[in-house]
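Report on the following structure.
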Amino acid sequence: MALQATSSFSIHKEACLKESSIFGAPLSTHVKVDFTSSSKSKKEFSQRGALRTQAVATPTPTANRASTDGKKTLRKGTVIITGASSGLGLATAKSLAESGKWHVIMACRDFLKAERAAKSSGMTKENYSVMHLDLSSLDSVRQFVANFKQSGQSLDVLVCNAAVYLPTAKEPTYTADGFELSVGTNHLGHFLLARLLLDDLKQSDYPSKRLIIVGSITGNTNTLAGNVPPKANLGDMRGLAGGLNGLNSSTMIDGGDFDGAKAYKDSKVCNMLMMQEFHRRYHEETGITFASLYPGCIATTGLFREHIPLFRLLFPPFQKYITKGYVSEEESGKRLAQVVSDPSLTKSGVYWSWNNKSASFENELSEEASDVSKARKVWEISEKLVGLA
């Protein structure tokens, strides 16, 4: 999508507008916008075998026994966080590891980058381990799950955080399995991961086992930020049903022309729909808490590394001084860590947000992001695409 520097700032400021009583609440009026889609682009692809690697994992400590009275104390919890080598994922990993109550498994594509990030952030080795995971390859997802199960560790919380955002891409790129990269990674990769690890979560004896999928304000069209074009819209999902491969179907979920920014927003709608579908299908039976969240605008995060330089320069001060929606990586990490471990946030099926006083509250999802029939349809199509049906 070719963008002028001046228009890019206004068009893509949606990625992080403040979700508060002004920007996070449902709009009482409809914002009408017009936008043009980028040109059609179809690309042949070849499926590549996923890299299989040995995983390094530190066994989770067993339940400790108090030396004075012999009573059992709560063992360390084990949490897997995808995309934990930078940004929100790293900040969350650091916050949980520093508490001394969690062993964090950093599930990352770049093993060495994750190790360096953990060390530079001051995380001690007994509180974390790194395992290779490339969400853009279904084989890699399966290999990660196999490695984790082989390690013999329990799983108490899974955090689906990693994301690909390509707002200025003029043509689609593809996963190893031939799916458009943003939806293939952000949605399909996480969907398969969560499904394959669900039994491990079920078997956990931890007091509050949870599956958390990071959402976004940009996928909610009941907010001002969600109405900045291009808006999220799954349509009739003809593109998703066709495999998002650009050959016999569109690369976009709704069957339209490729748009990198919209592909990201659509993937976030899928994330939020899947959280609710997990809740409906499994919460009552398993007791697992399923939740999503928008931690606030992390305007300096590496998520925007593919954006134009002018946007990266102006966006942080715009959020700090104009919208007042800026949230540091450290603060956002504490918020996600809160959803992982806070006893007061055990309600399932909730989309959490925070106000300008950093108090959490249950936010309202848009009509599409809470559509039960669409959630069921996305689930069923996704099962077929990842080989579960």
Side-chain angles (χ1 to χ4, degrees), residues 15-17 19-20 23-26 79-83 87-89 91-92 135 157-163 165 182-183 185-195 197-198 201 208-223 225-226 232 234 264-283 286 288-298 303 327 332-342 344-355 360-372 374-376 378-379 382:
C16 280
L17 283 175
E19 186 155 3
S20 65
F23 296 108
V79 53
I80 293 175
I81 304 176
T82 67
L88 174 61
T92 305
L135 288 161
V157 178
L158 171 62
V159 178
C160 298
N161 162 73
Y165 178 47
S182 296
V183 176
T185 302
N186 305 351
H187 165 56
L188 292 174
H190 276 135
F191 177 71
L192 178 61
L193 179 69
R195 287 290 303 276
L197 287 174
L198 191 62
L201 282 172
S208 179
K209 46 199 178 184
R210 310 183 190 188
L211 195 164
I212 300 160
I213 306 176
V214 177
S216 174
I217 191 174
T218 64
N220 280 302
T221 53
N222 61 342
T223 64
L234 304 187
Y264 169 80
K265 295 178 184 182
D266 289 348
S267 74
K268 292 284 105 180
V269 174
C270 289
N271 286 159
M272 293 180 281
L273 286 171
M274 289 303 90
M275 176 276 290
Q276 295 163 89
E277 192 65 12
F278 269 111
H279 166 73
R280 281 187 287 269
R281 289 172 182 252
Y282 297 108
H283 172 65
T286 66
I288 298 171
T289 293
F290 300 96
S292 186
L293 73 150
Y294 171 66
C297 177
I298 319 166
L303 183 65
V327 176
S332 66
K334 290 178 180 178
R335 291 177 177 182
L336 179 46
Q338 186 182 1
V339 180
V340 168
S341 61
D342 195 316
S344 69
L345 302 184
T346 58
K347 185 175 180 180
S348 188
V350 172
Y351 171 63
W352 295 105
S353 294
W354 286 257
N355 61 24
S360 61
F361 65 95
E362 296 178 34
N363 208 344
E364 183 180 346
L365 289 165
S366 68
E367 182 178 351
E368 181 171 52
S370 56
D371 188 309
V372 175
K374 279 198 173 184
R376 187 182 303 112
V378 171
W379 180 283
S382 300

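Every value quoted in this text rests on a predicted model; they were computed, and no experiment measured them. Any value given below was found using the heavy atoms of this structure, including those in side chains, with hydrogens, waters and symmetry copies removed.
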Looking only at heavy atoms, which two atoms of [X] and [Y] are closest? And how far apart?
X	Y	result
Glu277	Val372	OE1-O, 4.4 Å
Ser292	Ile213	OG-O, 2.7 Å
His187	Ser382	NE2-OG, 2.7 Å
His190	Ala162	CE1-O, 3.0 Å
Ser182	Tyr264	CB-N, 4.2 Å
Met274	Ala375	CE-O, 3.2 Å

Do [X] and [Y] have side-chain heavy atoms sitting under 4.5 Å apart?
X	Y	answer
Lys268	Asn271	yes
Tyr165	Lys265	no
Asn355	Phe361	yes
Leu197	Leu211	no
Ile81	Val340	no
Tyr351	Glu362	no
Val269	Lys374	no
Asn161	Thr92	no

Checking the side chain of [X] only, and the main-chain atoms of [Y] only, is there a donor and an acceptor separated by less than 3.5 Å?
X	Y	answer
Arg210	Ala291	no
His279	Met275	no
Ser348	Phe290	yes
Gln276	Ala369	yes

What do the steps show when you test Leu158 against Leu193 for side chain to side chain contact (heavy atoms under 4.5 Å, CB included), and what is the final call? CA-CA 9 Å; Leu158 171 62; Leu193 179 69; 4.1 Å; yes
Counting only heavy atoms not in Glu367, do more than 12 sit closer than 6.0 Å to its CD atom?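 Count not over threshold, so no.
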Side chain to side chain contact (heavy atoms under 4.5 Å, CB included) between Met272 and Tyr294, intermediate numbers included: CA-CA 10 Å; Met272 293 180 281; Tyr294 171 66; over 6 Å; no
Would you mind telling me which of Asn363, Val350, Ile212 makes a side-chain contact (heavy atoms from CB on, under 4.5 Å) with Leu293?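 It is Ile212; the other options fail the test.
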[X] side, atom [atom1]; [Y] side, atom [atom2] - distance, nearest 0.5 Å:
X	Y	atom1	atom2	answer
Tyr282	Leu198	OH	CG	5.5 Å
Leu273	Ser370	CG	OG	8.0 Å
Ser366	Ile217	OG	CD1	11.5 Å

Donor on one side chain, acceptor on other, Gln338 and Trp354, under 3.5 Å: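 Yes, because at least one side-chain N or O of Gln338 sits under 3.5 Å from a partner of the opposite role on Trp354.
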